[in-house]
Student: 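Pasting a structure below so you can have a look.
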Amino acid sequence: RQANWQRTAGKPDLGGPWELEDADGRKVASSDLHGQWVLIYFGFTKCPDICPQELHKVSDVLTSLEGQGQRILPVFITIDPERDDGPRLKRYFKDAGLHPRFIGLTGSADQLRAACRKYRVYYTRPTPEERQAGDYLIDHSIISYLVSPDGVAS
């Protein structure tokens, strides 16, 4: 009983099905990514420092792993659907010098909230005044999630 408890205690309940859209407006479901290793990061393109730093770290690790024959698909899910539409995601990944295989995903506020809940992502929402001004920051967790080919997140 003790051995079984030690294997299961503390394992977070992460992941699950979600459906969003890529920068070209195509639907992408979590199940579409099964069969490969996936690294998911939740952030936003107007983030001034943390997101770019983390995404560059991820890019460096992915490049290193590819040099060793390990391919992992990097996925960025925005937490700012009001500003991060498809064209903005395309520009961001083109201009930021990040790993070329990054997939940027967006969707409705409800779709993104549901995906964030699946991974227990914390983020704040801007006030109506901040949204109207258009220049706001979003406090959020900075965790990358590794998802196995069978869709299990850790």
Side-chain angles (χ1 to χ4, degrees), residues 1-47 49-81 83-125 138-154:
R1 182 171 161 212
Q2 178 70 19
N4 187 45
W5 179 83
Q6 287 177 336
R7 279 184 299 197
T8 60
K11 184 176 191 288
D13 184 19
L14 293 174
W18 47 261
E19 186 174 286
L20 299 169
E21 62 183 52
D22 69 12
D24 293 317
R26 292 182 298 244
K27 298 279 186 228
V28 176
S30 54
S31 59
D32 296 334
L33 306 178
H34 290 182
Q36 60 190 322
W37 287 95
V38 177
L39 192 66
I40 300 176
Y41 182 82
F42 291 83
F44 65 111
T45 63
K46 295 269 293 188
C47 184
D49 48 18
I50 300 299
C51 291
Q53 290 172 5
E54 293 301 310
L55 294 174
H56 279 286
K57 287 179 197 174
V58 166
S59 293
D60 291 345
V61 168
L62 294 174
T63 299
S64 177
L65 288 172
E66 285 177 350
Q68 301 170 31
Q70 306 269 344
R71 278 181 63 98
I72 299 174
L73 177 65
V75 175
F76 173 89
I77 298 177
T78 185
I79 56 171
D80 188 11
R83 295 184 295 187
D84 289 345
D85 59 8
R88 183 175 183 88
L89 287 171
K90 276 185 176 182
R91 265 191 327 273
Y92 181 76
F93 285 100
K94 180 182 176 197
D95 296 343
L98 298 169
H99 195 281
R101 290 191 309 110
F102 252 108
I103 296 174
L105 299 178
T106 190
S108 71
D110 288 338
Q111 287 174 307
L112 291 163
R113 186 175 14 264
C116 286
R117 283 187 182 148
K118 303 274 183 185
Y119 289 88
R120 300 178 182 230
V121 172
Y122 161 81
Y123 66 102
T124 59
R125 297 300 312 147
I138 301 174
D139 187 27
H140 63 94
S141 51
I142 56 167
I143 300 171
S144 294
Y145 301 88
L146 184 62
V147 181
S148 70
D150 57 357
V152 176
S154 56

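Numbers here are sequence positions counted from 1. Any value given below was found using the heavy atoms of this structure, including those in side chains, with hydrogens, waters and symmetry copies removed.
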Student: Could you give the distance from CG (Leu20) to CD1 (Ile103), rounded to the nearest 0.5 Å?
Tutor: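 Reported to 0.5 Å precision, the distance equals 11.5 Å.
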
Student: Apply the test salt bridge (Lys or Arg N to Asp or Glu O under 4.0 Å) to residues Arg113 and Asp110: give CA-CA distance (whole Å), side-chain angles for both, the deciding distance (0.1 Å), then the verdict.
Tutor: CA-CA 5 Å; Arg113 186 175 14 264; Asp110 288 338; 2.6 Å; yes

Student: What residues form a ring pair (Phe, Tyr, Trp, His ring centres under 6.0 Å) with His140, not counting sequence neighbours?
Tutor: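 Only Phe44 meet the ring pair (Phe, Tyr, Trp, His ring centres under 6.0 Å) criterion with His140.
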
Student: Please report the closest heavy-atom contact between Arg125 and Ile79, naming both atoms and the distance.
Tutor: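 Smallest heavy-atom distance, with atoms named: NH1-O, 2.8 Å.
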
Student: Write down the atom of Lys90, the atom of Ala23, and the distance for their closest heavy-atom approach.
Tutor: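 Smallest interatomic distance, heavy atoms only, reads CG-CB, 3.5 Å.
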
Student: Please check if the side chain of His99 supplies one atom and the backbone of Val61 the other of a donor-acceptor pair under 3.5 Å.
Tutor: no

Student: Using the salt bridge (charged side-chain N to carboxylate O under 4.0 Å, His left out) rule, collect all pairs that involve residues 96-105, keeping only residues at least two apart or in two chains.
Tutor: Glu66-Arg101

Student: Holding to ring pair (Phe, Tyr, Trp, His ring centres under 6.0 Å), I want the full list of residues that pass it with Phe102, two or more places apart in sequence or in another chain.
Tutor: Phe93

Student: Testing the basics here: between Trp37 and Arg71, what is the closest heavy-atom pair and its distance to 0.1 Å?
Tutor: CB-O, 4.1 Å

Student: Under 3.5 Å, side chain of Tyr145 to main-chain N/O of Tyr119, donor-acceptor pair present?
Tutor: yes

Student: Does any N or O in the side chain of Asp60 come within less than 3.5 Å of the main-chain N or O of Lys57, such that one atom is a donor and the other an acceptor?
Tutor: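 Looks like no, no N/O pair under 3.5 Å.
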
Student: Say you draw a straight line from OG1 of Thr63 to CG of Leu98; how long is it, rounded to the nearest 0.5 Å?
Tutor: 10.0 Å

Student: Go through it in stages, so that I can follow the logic: the residues are Gln111 and Glu21, the test is side-chain contact (heavy atoms from CB on, under 4.5 Å), and I'd like the CA-CA distance, side-chain angles, deciding distance and then a yes or no.
Tutor: CA-CA 10 Å; Gln111 287 174 307; Glu21 62 183 52; 5.6 Å; no

Student: Just jot down the side-chain hydrogen bond (donor to acceptor under 3.5 Å, both in side chains) partners of Thr106, sequence neighbours excluded, or say none.
Tutor: none

Student: Once you round to the nearest 0.5 Å, how far does OG of Ser31 lie from CD of Glu19?
Tutor: 8.0 Å

Student: Quick check: closest heavy atoms across Gly43 and Cys51, and the distance to 0.1 Å?
Tutor: CA-SG, 3.7 Å

Student: Between Asp22 and Leu105, which heavy-atom pair has the shortest distance, and what is it?
Tutor: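 Looks like CA-CD2, 3.7 Å.
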
Student: Start with the C-alpha gap between Tyr92 and Thr78, add the side-chain angles, then the distance that decides, and say whether side-chain contact (heavy atoms from CB on, under 4.5 Å) holds.
Tutor: CA-CA 12 Å; Tyr92 181 76; Thr78 185; over 6 Å; no

Student: Drop me the distance from Ser141's OG to Ile50's CD1, to the nearest 0.5 angstrom.
Tutor: 12.0 Å

Student: In chain order, what residues pass the side-chain contact (heavy atoms from CB on, under 4.5 Å) check against Ser30, with sequence neighbours excluded?
Tutor: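 Ser30 satisfies side-chain contact (heavy atoms from CB on, under 4.5 Å) with Pro17, Trp18 once adjacent residues are dropped.
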
Student: Check step by step if side-chain contact (heavy atoms from CB on, under 4.5 Å) holds for Leu112 and Ile77.
Tutor: CA-CA 8 Å; Leu112 291 163; Ile77 298 177; 3.6 Å; yes

Student: Which distance, rounded to the nearest 0.5 Å, do you find between the SG of Cys116 and the NZ of Lys118?
Tutor: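 It is 12.0 Å, given to the nearest 0.5 Å.
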
Student: For the side chain of Asp80 and the backbone of Asp84, is there at least one donor-acceptor N/O pair under 3.5 Å apart?
Tutor: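 No.
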
Student: Is there a side-chain contact between Pro52 and Cys47, using heavy atoms and a 4.5 Å cut-off?
Tutor: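 SC-SC contact between Pro52 and Cys47 confirmed.
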
Student: Just checking Tyr123 against Phe42, ring centres under 6.0 Å apart?
Tutor: no

Student: Suppose we screen for side-chain hydrogen bond (donor to acceptor under 3.5 Å, both in side chains). Which residues come up paired with Tyr122, at least two apart in sequence or across chains?
Tutor: Asp139

Student: Once you round to the nearest 0.5 Å, how far does OG of Ser148 lie from NE2 of His34?
Tutor: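 Interatomic distance, Ser148 OG to His34 NE2, rounded to 0.5 Å: 8.0 Å.
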
